[in-house]
Undergrad: 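Below: one structure in structure tokens.
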Amino acid sequence: MPIRTFQQLKHEATWLGPKRVVIAAAANAEVLAAAREAQSLHMAHCLLVDDPERLARVAGEHDIDIADMTVIAEADRDAAAHRACAMVRAGDGDVVMKGSLETAEFMRAALDRDNGLRTGRLFTHVAVFEIPGFNRLLLITDAGVVVAPDIHEKVEIVQNAIDVATKLGIDQPRVAVLAAAELVNPKMQTTVDAANLSKMAERGQIRGGIVDGPLGLDNAISMASAEIKGIRSPVAGRADILIVPSVEAGNLLAKAITYFGHGEMAGVVVGGCAPIVVTSWSDSHVTKLVSMALGILLTAPTYTSVRAS
């Protein structure tokens, strides 16, 4: 039985926890509120890498108790990012999380060749959405890391997303490779890439999921739209994962779901030696908490559905 709600996701993370979550530049009210709730739920023990005085001031101003959290003194925020990643690489943490840092700055630390989290795989961002009126979680990738992926990078983007979906208990996740048209057009590289990805999955070059494309957003998630357009596909209308053609498309789609569709998002970067929780500065502590829960879930070797409820 797959995880279908963020409540189930948080529940599963509490059973796996407490995991050590190392938060770089943690002196932020929403970050600390998420850390407080995660620790209260026993899904995490939070290690806060920041200036102790700054942490105490922010926590005091917002009445957040951080007394039972571990504080790692590091006043410089860039140094905090590198130290947090180095701690996780050394085995002193299970998940690393971005606090009050620019994503590019944080990812530079994660990609550091000496003390970062590289494994030889491509780092990709996977966003998981809980959308009102939608009967399942929806994954979108890549909306945050790979700017303009080529076909080789798209293979890794798809595989990483399938691996995340599998951890969410989705057996053989359905992957829709999105484009502006459903027919292959040699003049539209996104449609060619989509067709190639579909064939590569058929031949076992992408494993664990059912991949089809090119598909439009409408017929990827709506059976009615797929039927009207006469699209016969095991993915059309039932997609679990949407593969966007560029980071701009993914970012716009993610923000549209959040602000127009009132969806909640959990975001994580995968491909490293540990899950990397990356959320926007403007995200609420709820988004940061479910993102932390997603990162914790990804530390499990396999998903077991008996605990989710």
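Basis for what follows: all heavy atoms, side chains included, without hydrogens, waters or symmetry-related copies. Computed from a predicted structure; not experimentally measured.
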Undergrad: How would you list, by chain and number, every residue that makes a side chain to side chain contact (heavy atoms under 4.5 Å, CB included) with Asp63, sequence neighbours excluded?
TA: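 None.
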
Undergrad: Within the 3.5 Å criterion, strictly below it, is a donor on Thr124 or Asn160 matched to an acceptor on the partner's side chain?
TA: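 On atom types as modelled, these side chains qualify, holding a pair under 3.5 Å.
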
Undergrad: Hydrophobic clusters here meaning ILVMFWY residues chained together by side-chain heavy-atom distances under 4.5 Å, can you tell me if Ile276 and Leu16 are in one?
TA: yes

Undergrad: Are Val247 and Val126 connected into the same hydrophobic cluster when the rule is that any two of I, L, V, M, F, W, Y join if their side-chain heavy atoms are below 4.5 Å apart?
TA: no

Undergrad: Give a yes or no on whether a salt bridge exists between Arg36 and Asp68, defined as a side-chain N under 4.0 angstrom from a carboxylate O.
TA: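 The answer is yes: the pair qualifies as a salt bridge.
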
Undergrad: For the atom pair NZ (Lys10) and OG1 (Thr5), what is the distance rounded to the nearest 0.5 Å?
TA: 9.0 Å

Undergrad: Within the side chain of Trp281, is there an N or O that forms a donor-acceptor pair under 3.5 Å with the backbone of Ser100?
TA: no

Undergrad: Would you give the length of the straight line joining atom OG1 of Thr14 to atom CE of Met43, rounded to the nearest 0.5 angstrom?
TA: 6.0 Å

Undergrad: If you look at every heavy atom in Ala29 and Ile64, which pair is closest and at what distance?
TA: O-CD1, 3.6 Å

Undergrad: Could you check Leu9 against Leu168 for side-chain contact (heavy atoms from CB on, under 4.5 Å), going step by step and ending with a plain yes or no?
TA: CA-CA 8 Å; Leu9 174 59; Leu168 289 166; 4.2 Å; yes

Undergrad: Where do Ser291 and Gly267 come nearest, in terms of heavy atoms and distance?
TA: OG-N, 2.9 Å

Undergrad: If I take atom CD from residue Gln7 and atom NE2 from residue His11, how far apart are they, to the nearest 0.5 angstrom?
TA: 8.5 Å

Undergrad: Considering non-hydrogen atoms only, spot the tightest contact between Glu156 and Leu122 and give its length.
TA: OE1-N, 2.9 Å

Undergrad: Contact between Pro275 and Thr299 at the side-chain level, heavy atoms closer than 4.5 Å - yes or no?
TA: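 Contact flag for Pro275/Thr299 side chains = yes.
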
Undergrad: For residues 192-200, please give each side-chain donor-acceptor pair under 3.5 Å, one per line with the distance, not counting sequence neighbours.
TA:
| unit_1 | atom_1 | unit_2 | atom_2 | d |
| --- | --- | --- | --- | --- |
| Asp193 | OD1 | Gln189 | NE2 | 2.8 |
| Asp193 | OD2 | Lys154 | NZ | 2.9 |
| Asn196 | ND2 | Val192 | O | 3.4 |
| Ser198 | OG | Val211 | O | 3.1 |
| Lys199 | NZ | Glu202 | OE1 | 2.9 |

Undergrad: Rounded at 0.5 Å granularity, tell me how far CG in Asp76 sits from NE2 in His82.
TA: 10.0 Å

Undergrad: Would a 4.5 Å heavy-atom cut-off, applied to side chains only, mark Val184 and Pro214 as touching?
TA: yes

Undergrad: With distance as the sole test, does Asp240 use its side chain to make a donor-acceptor pair with the main-chain N or O of Arg174 at under 3.5 Å?
TA: yes

Undergrad: Show me, pair by pair, the donor-acceptor contacts under 3.5 angstrom made by side chains of residues 129-140, not counting sequence neighbours?
TA:
| unit_1 | atom_1 | unit_2 | atom_2 | d |
| --- | --- | --- | --- | --- |
| Glu130 | OE2 | Phe6 | N | 2.8 |
| Arg136 | NE | Ala239 | O | 3.2 |
| Arg136 | NH2 | Ala239 | O | 3.0 |

Undergrad: Would you find a donor on one side and an acceptor on the other, under 3.5 Å apart, between the side chain of Lys98 and the backbone of Met107?
TA: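 No, because the side chain of Lys98 does not come within donor-acceptor range (under 3.5 Å) of the backbone of Met107.
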
Undergrad: Would you indicate whether the side-chain heavy atoms of Glu30 and His62 approach each other to under 4.5 Å?
TA: no

Undergrad: With heavy-atom distances below 4.5 Å as the criterion, would you say the side chains of Met292 and Val95 are in contact?
TA: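 Met292 does not reach Val95 side chain to side chain.
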
Undergrad: Do you reckon Ile3 sits in the same ILVMFWY cluster as Leu242, going by side-chain contacts under 4.5 Å, direct or chained?
TA: no

Undergrad: So which heavy atom on Ala24 is nearest to which on Phe106, and how close?
TA: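 That would be CB-CE1, 4.0 Å.
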
Undergrad: Throw together a table of side-chain donor-acceptor distances under 3.5 angstrom for residues 253-264, partners on residues two or more places apart or in other chains.
TA:
| unit_1 | atom_1 | unit_2 | atom_2 | d |
| --- | --- | --- | --- | --- |
| Lys255 | NZ | Asn251 | OD1 | 3.4 |
| Thr258 | OG1 | Ala254 | O | 3.0 |
| Glu264 | OE1 | Thr287 | OG1 | 3.4 |

Undergrad: Might you point out which heavy atoms bring Gly99 and Val31 nearest each other, and give the distance in Å?
TA: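 Here Gly99 and Val31 meet closest at CA-CG2, 4.0 Å.
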
Undergrad: List the steps and the verdict of side-chain contact (heavy atoms from CB on, under 4.5 Å) for Val49 and Ile23.
TA: CA-CA 6 Å; Val49 186; Ile23 307 176; over 6 Å; no

Undergrad: Any side-chain heavy atom of Gln159 within less than 4.5 Å of one from Asp163?
TA: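 When only atoms from C-beta onward are counted, Asp163 and Gln159 do touch, with a gap below 4.5 Å.
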
Undergrad: Do side-chain atoms of Arg20 reach the backbone of Gly91 as a donor and acceptor pair under 3.5 angstrom?
TA: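 The answer is yes, because a donor-acceptor pair under 3.5 Å joins these two groups.
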
Undergrad: Given salt bridge (Lys or Arg N to Asp or Glu O under 4.0 Å), test Asp218 with Lys229 step by step and report yes or no.
TA: CA-CA 10 Å; Asp218 53 349; Lys229 290 192 173 183; 3.4 Å; yes

Undergrad: Tell me if a side-chain donor or acceptor on Thr141 pairs with a main-chain N or O of His125 at a distance below 3.5 Å.
TA: yes

Undergrad: Answer yes if the side chains of Thr191 and Asn185 hold a donor-acceptor pair under 3.5 Å, and no otherwise.
TA: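 No donor-acceptor contact under 3.5 Å links the two side chains.
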
Undergrad: Looking at Asn115, Leu47, Val21, Val22, which hits side chain to side chain contact (heavy atoms under 4.5 Å, CB included) with Val88?
TA: Val22

Undergrad: Kindly indicate, with the supporting measurements, whether the criterion side-chain contact (heavy atoms from CB on, under 4.5 Å) is fulfilled by Glu74 and Asp50.
TA: CA-CA 5 Å; Glu74 189 61 76; Asp50 210 318; over 6 Å; no

Undergrad: Is there side-chain contact between Val58 and Leu32, with at least one heavy-atom pair below 4.5 Å?
TA: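 Yes, close enough: below the 4.5 Å cut-off.
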
Undergrad: In Å and rounded to the nearest 0.5 Å, what is the OG1 to CZ distance from Thr166 to Arg207?
TA: 11.0 Å

Undergrad: Can Val145 be reached from Leu298 by stepping across I, L, V, M, F, W or Y side chains whose heavy atoms are under 4.5 Å apart?
TA: yes

Undergrad: Residues two or more places apart in sequence or in another chain: which of them pass salt bridge (charged side-chain N to carboxylate O under 4.0 Å, His left out) with Asp51?
TA: none

Undergrad: Could you tell me which residues satisfy side chain to side chain contact (heavy atoms under 4.5 Å, CB included) with Pro18, sequence neighbours excluded, listed by chain and number?
TA: none

Undergrad: Are Leu117 and Val270 co-members of a hydrophobic cluster defined by side-chain heavy atoms under 4.5 Å apart?
TA: yes

Undergrad: Does Asp150 offer a backbone N or O that forms a donor-acceptor pair with the side chain of Glu153 under 3.5 Å?
TA: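 Checked: pair present.
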
Undergrad: Which of these passes side chain to side chain contact (heavy atoms under 4.5 Å, CB included) with Ser225: Leu217, Asn219, Leu215?
TA: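 So the option named by the test is Asn219.
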
Undergrad: Say whether, by atom type as modelled, one donor and one acceptor occur between the side chain of Arg238 and the main chain of Ile221 under 3.5 angstrom.
TA: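 Looks like no, no N/O pair under 3.5 Å.
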
Undergrad: Is there a side-chain contact between Leu111 and Arg118 (heavy atoms, below 4.5 Å)?
TA: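 Touching, per the 4.5 Å side-chain cut-off.
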
Undergrad: Show your reasoning for whether side-chain contact (heavy atoms from CB on, under 4.5 Å) applies to Gln8 and Met1.
TA: CA-CA 11 Å; Gln8 289 179 310; Met1 175 179 165; 3.5 Å; yes

Undergrad: His45 and Gln39: which non-hydrogen atoms are nearest, and at how many Å?
TA: CA-OE1, 3.4 Å

Undergrad: Could you tell me the separation between the CD1 atom of Ile157 and the CD1 atom of Ile151, rounded to the nearest 0.5 Å?
TA: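 It comes to 10.0 Å.
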
